[in-house]
Amino acid sequence: MIKLANPIYYPIAVLMGGITLIAGVRLVGLSNKIILPTVAVVTVVTASVLKSREPEAKKIAQQQLPQEVELLKVSSQNLAIKAE
């Protein structure tokens with residue numbers, strides 16, 4: 001299941017909503033009562049799809065953690081050698 005995402009963080013989702021709004025009002029001639037909820041749905045769904053395609057920050061952090069720990073270990077050993 002796709003989790004909801006805030007469209008403000010995804011400019012492409014806002015662009016898709018704007019295009020839908022203009023197309024619905026100007027080209028198709030739908031009323032505001034119909035097109036505004038449609039635009040909201042299009043924008044949120046687009047943002048949710050974009051969010052689901054991003055890699056998870058937790059996975060990336062877990063992959064980078066051992067490298068950073070090793071780097072800190074080497075740095076601390078170098079500092080200890082310089083201190084002597």
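Ile22 belongs to no multi-residue hydrophobic cluster, having no ILVMFWY side-chain contact under 4.5 Å with any other such residue. If you chain together ILVMFWY residues whose side-chain heavy atoms come under 4.5 Å of each other, Leu15 ends up grouped with Ile19.
Nearest heavy-atom pair across Ala47 and Pro7 is CB-CA, 3.7 Å. For the pair Ala5 and Lys51, the tightest heavy-atom approach, listed with the atom from each and the gap, is CB-CD, 3.6 Å.
To the nearest 0.5 Å, the span separating OG1 on Thr46 from CD1 on Ile12 amounts to 9.5 Å.
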Please table the atom pairs, donor to acceptor, closer than 3.5 Å between any side-chain atom in residues 66-78 and protein atoms at least two apart or in another chain.
residue: Ser75; atom: OG; partner: Leu71; partner atom: O; Å: 3.0
residue: Ser76; atom: OG; partner: Leu72; partner atom: O; Å: 3.2
residue: Ser76; atom: OG; partner: Lys73; partner atom: O; Å: 2.8
residue: Asn78; atom: ND2; partner: Val74; partner atom: O; Å: 3.4

Donor-acceptor pairs under 3.5 angstrom involving side-chain atoms of residues 32-45: please list them, not counting sequence neighbours.
residue: Thr38; atom: OG1; partner: Ile34; partner atom: O; Å: 2.8
residue: Thr43; atom: OG1; partner: Val39; partner atom: O; Å: 2.7

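More than 12 heavy atoms of other residues, nucleotides or ligands lie within 6.0 Å of CG in Leu65, so this atom counts as buried by the packing criterion.
One hydrophobic cluster, built from ILVMFWY side chains closer than 4.5 Å, cannot hold both Leu50 and Val14; they sit in different ones. Residues Ile8 and Tyr10 do not share a hydrophobic cluster, clusters being chains of Ile/Leu/Val/Met/Phe/Trp/Tyr side chains in contact below 4.5 Å.
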